[in-house]
Amino acid sequence: MIDYLTGLNDRQREVVTDLEHPILVLAGAGSGKTRCIIYRAAYLIKEKRIPPWQILIVTFTNKAARELQTRLEQLLNIPVRSLWVGTFHSICLRILRYESSFLPYKANFSIYAADEQKSVLKKIYKAHGFDLQKYPLNKVLGRIGRYKNRLMLPEDIDKAEFEGSAFLAGFVSIYHHYQQTLLLNQAMDFDDILLYTARLLQENEELRAKYQNIFQYIMIDEYQDTNKAQFEIIHQLALQHQRVCVVGDDDQAIYSFRGATLRNILEFERDYKEVRAIRLEQNYRSTTAILDLANQVISHNKNRHVKELWSELGVGIKPLLKIYPDANAEAEQIASEIQTLQEEGCELRDITILYRTNAQSRLFENALMQKKIPYSIVGSLQFYQRKEIKDLIAYLSTLSNPADNESLLRIINEPPRGIGQITVTRLLGFALKTHISLYQAILNPSAAPDLKPAAIKRVSDFAQMMQAWSQAALTQPVADLVKEIVEELGMISFYNKSNDPKDIARAENLIEFVASVNEFAERFAQDNEKAPVLNDFLPFIALQTDLDMVSDDLQSVRLMTLHNAKGLEFETVYIAGLENELLPHRMSMDTREEIEEERRLFYVGITRAKRRLILSLALSRRLYDTYNITKPSMFLSGLSDDVLDSEDFDLKRPRSTYQKPRHKARDSQKFFRIGQRVWHDEHQEGVVLSVNGTDQDAVLVVSFKNGKLLKIVGSYLKTEPASL
DNA sequence: CTAAATTCCTTTTTT
DNA sequence: AGGAATTTAG
């Protein structure tokens, strides 16, 4: 018997047991919202005898989904495999594969991530003469994404909207070609997964009824970070029966860059009937000292529901701000503090270092490695974006979906097998002219004009190898298939032969990948009582992220971005790089909305800490190959002394004397450093503010005593005053 | 066709 | 700085 009384407070219990109304839970950080979801699911299954397959729970990450399922099973003491629990993308993908006959896609369509998207765009630019400068890939992809999140395909964009603008007209044309190419390749991007699901539910009455009927009870976590497409999917499913429960916190909305809109949480009471709104403000995670800081930081945001977190866990240790001369010192000091904590008996897995950008992880990795402190990076381009892994996955995608040109082109000459650019171009031309796919073209290369016999031989050898595998892929367990491909291509031994440590790491990655396929196969076999084949495996891999890989019981310090920290908690939290242009990030400080979102990101970081919170900033930091002087984050000003200790450092007063950043000495006479004095023929004495490059060629920003601030090349400067 | 040389380009955050 | 992409040389 589950005890719903002692484990939950009054309001949590209401969330769990009110099945009569649509429920909106406004849950502060650490207020036990995941607990509510788990107990509500348990309540439905155990008390109300709702079959698990009628319950849909949407989480923010795959890992959260797995955890939720495990905890629920522990609570119920029975397995609930048929429960629908996953991210929007994984749930939608499941539906789309199953219902592909209603779409212009086959069930085995590929998923394109950023790399493939860009590669598709580049080909379109080349074919249709679009200028990369005028249409930067990231901008275009961002815009396409924003349209898709609003459920708009190119044909839905109002002509009138872009008639006056050549740029917009160009963009719409690119968007159009892009969608066509994806369709031709039988591929979807991440946003398509949501868009097509939403459209299907909107337009197909039968399907809508079917899934409304399946998903009798719906729960959504992190509702504040849903976008319009996601809203529409849930709305279509829940509009009839209204049995929906959403959980979120407007102060933790940090995904507007991918179309998330607070509108969904703010208008929930209008979207559904007789909504019960329940607020959870008691925090069960952090000490009062930490919450005081969190409350004060977030109170500077204007656009929010005012709420104050409180807890009964005692005052605790006051958060501390540390200032370091440069980013290296920051990383080293944090590493040695962690060493001390470890010696005092802290568990490493209870410690995390949070930062704004992935690039910052590098410094911490080095510092921790030097001190031999185990660490794991959560997320980032650790694994699935590695070249060797992507190559291997491209083989698998091609075997499963021969229409997928991106994958085929990636591997057609990888490892090198004498099929060069010219051959590929000719094959592509031939395919285009005869309206067949590239894969079909390579099956019969002798039909292509201009191909030399030697080239034909190499192509058909490749094609035969692929054909054999794609036959095998239908029946052979995927674990065996992958092993065979890796061995036959000699990938591991190829990388092992090299002396480059990077290549050795690549070999190791491939071994790890093979191991992960085996792991998947075992789990799959347990659940389904048969060994998975390729088509069982690929859908899983497409949405797998590195976030899902770090095991909880591993004894290591966790490194991650602030975004990845959402939903997690740690005894000790370091938040590094509290500098303007980093947090808030330079790309996100133009509007008040952007700055408020960055502040929420900071808030999310703070509220991860259970007992100990250390903030830090560096007074200088390198970007690319340039050292820059930094300014403390604007989020630090306006905080009172009683919520943050700051090592006798006055943030309001500009620093006149600070320790010079340490750099490796170079045997060059004119090695310029930040803060260094330099002399110029005309402007006399000045101080270096930033350096880009070295020696004579360095481009420097120098503040001269005569008041001029100039960008200047090193060769015009002297490092000593001119003798009289 | 491959390998070397050169240029380009990056850094916001993620499913 | 460092890696990817593109151009050039063999």
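Residue numbers start from 1 in every chain, and the chains themselves are labelled A, B, ... in the order their sequence lines are given, proteins ahead of strands. Keep in mind that this is a model prediction, so the values were computed, not measured.
- Nucleotide B/dT11 holds its P atom 12 Å from the CG atom of A/Leu141, rounded to whole Å.
- Within 4.0 Å (heavy atoms only), A/Thr423 reaches sugar-phosphate atoms of the nucleic acid but no base atom.
- In this structure, A/Ile91 places its CD1 atom 13 Å from C1' of B/dT15, rounding to the nearest Å.
- Rounded to an integer number of Å, the gap from CZ of A/Arg386 to P of C/dA4 is 11 Å.
- Lacking a ring centre under 5.5 Å from that of the base six-membered ring together with a plane angle below 30°, A/Tyr255 does not count as stacked on B/dT14.
- Of all nucleotides listed (B/dT13, B/dT11, B/dC1), B/dT13 comes nearest to the side chain of A/Phe257.
- The nearest heavy atom of DNA chain B to A/Lys118 and to A/Arg417 marks one nucleotide each, and the one closer to the 5' end goes with A/Arg417.
- Residue A/Val424 is the one, among A/Val424 and A/Glu598, whose nearest nucleotide of DNA chain B lies closer to the 5' end (criterion: closest heavy atom).
- Taking the six-membered ring wherever Trp is involved, the centroid distance between the rings of A/Phe602 and A/His300 does not fall below 6.0 Å.
- Rounded to whole Å, atom P of B/dT11 lies 17 Å from atom CG of A/Asn628.
- Residue A/Ser588 is classed as a base contact, given a heavy-atom separation below 4.0 Å to a base.
- When the C1' atom of B/dT13 is taken as reference, atom CD of A/Glu597 falls 9 Å away, rounded to whole Å.
- The side chain of A/Thr61 lies closest to B/dT15 when the candidates are B/dC9, B/dT2, B/dT15.
- Here the side chain of A/Arg356 is nearest to one of B/dC9, B/dT15, B/dT12, namely B/dT12.
- Protein atom OH of A/Tyr196 is 22 Å distant from nucleotide atom P of B/dT15, rounded to whole Å.
- At least one side-chain heavy atom of A/Pro415 sits less than 4.5 Å from a side-chain heavy atom of A/Leu489.
- Going from the C1' atom of B/dT13 to that of C/dG2 covers 22 Å, rounded to whole Å.
- Aromatic ring pairs are classed by plane angle as parallel below 30°, tilted from 30° to 60° and perpendicular above 60°; the pair A/Phe60 and A/Tyr255 is tilted.
- Across all strands, A/Ile254 comes closer than 4.0 Å to no nucleic acid atom at all (heavy-atom distances).
- Minimum atom distance to the side chain of A/Gln133 is reached by B/dC9, of the listed B/dC9, C/dA4, B/dC1.
- Applying the side-chain hydrogen bond (donor to acceptor under 3.5 Å, both in side chains) test between A/Arg356 and each of A/His585, A/Glu579, A/Glu598 identifies A/Glu598 as the sole match.
- Dashed line: the shortest gap from a side-chain N or O of A/Asn227 to OP1 or OP2 of B/dT15 is not under 4.0 Å.
- Counting only heavy atoms from C-beta on, A/Thr87 has its side chain closest to B/dT15 among C/dT6, B/dC9, B/dT15.
- For the OP1/OP2 pair of B/dT14 and a distance below 4.0 Å, the side-chain nitrogens and oxygens of A/Thr561 include at least one atom meeting the criterion.
- Ion pairing between A/Glu596 and A/Arg304 fails under the 4.0 Å rule for side-chain N and carboxylate O.
- With the nearest nucleotide of DNA chain C identified for both A/Lys387 and A/Gln421, A/Lys387 has the one nearer the 5' end.
- Evaluation of the side chain to side chain contact (heavy atoms under 4.5 Å, CB included) rule for A/Val58 yields A/Leu56, A/Phe88, A/Ile220 as partners, not counting sequence neighbours.
- Computed from coordinates, the A/Leu194 CG to B/dT15 P distance equals 13 Å when rounded to whole Å.
- Checking the phosphate oxygens (OP1, OP2) of B/dT13, a side-chain nitrogen or oxygen of A/Asn358 falls inside 4.0 Å.
- No hydrogens or angles were tested; on distance alone, nothing pairs the side chain of A/His585 with the base of B/dT12 as donor and acceptor under 3.5 Å.
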Below 3.5 Å, can you tabulate the donor-acceptor pairs from side chains in residues 136-146 of chain A to any protein atom, sequence neighbours excluded?
| from | atom 1 | to | atom 2 | distance (Å) |
| --- | --- | --- | --- | --- |
| A/Asn138 | OD1 | A/Lys118 | NZ | 3.3 |

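- In this structure, the nucleotide among B/dT11, B/dC9, B/dC1 sitting nearest to the side chain of A/Arg458 is B/dC1.
- Closest to the side chain of A/Met587, from the set B/dT12, B/dT15, B/dC9, is B/dT12.
- Summary of the strand contacts: A/Lys126 and A/Arg362 both lie near DNA chain C, and taking for each the nucleotide with the nearest heavy atom, the more 5' one is attributed to A/Arg362.
- The side chain of A/Asn413 places an N or O atom within less than 4.0 Å of a non-bridging phosphate oxygen (OP1 or OP2) of B/dT2.
- Across all strands, A/Arg600 comes closer than 4.0 Å to no nucleic acid atom at all (heavy-atom distances).
- Nucleic acid contact for A/Asp191: none, since no nucleic acid atom lies under 4.0 Å from a heavy atom of the residue.
- Rounded to an integer number of Å, the gap from CG of A/Leu363 to P of B/dT11 is 17 Å.
- Rounded to a whole angstrom, the distance from the C1' atom of B/dT12 to that of C/dA5 is 23 Å.
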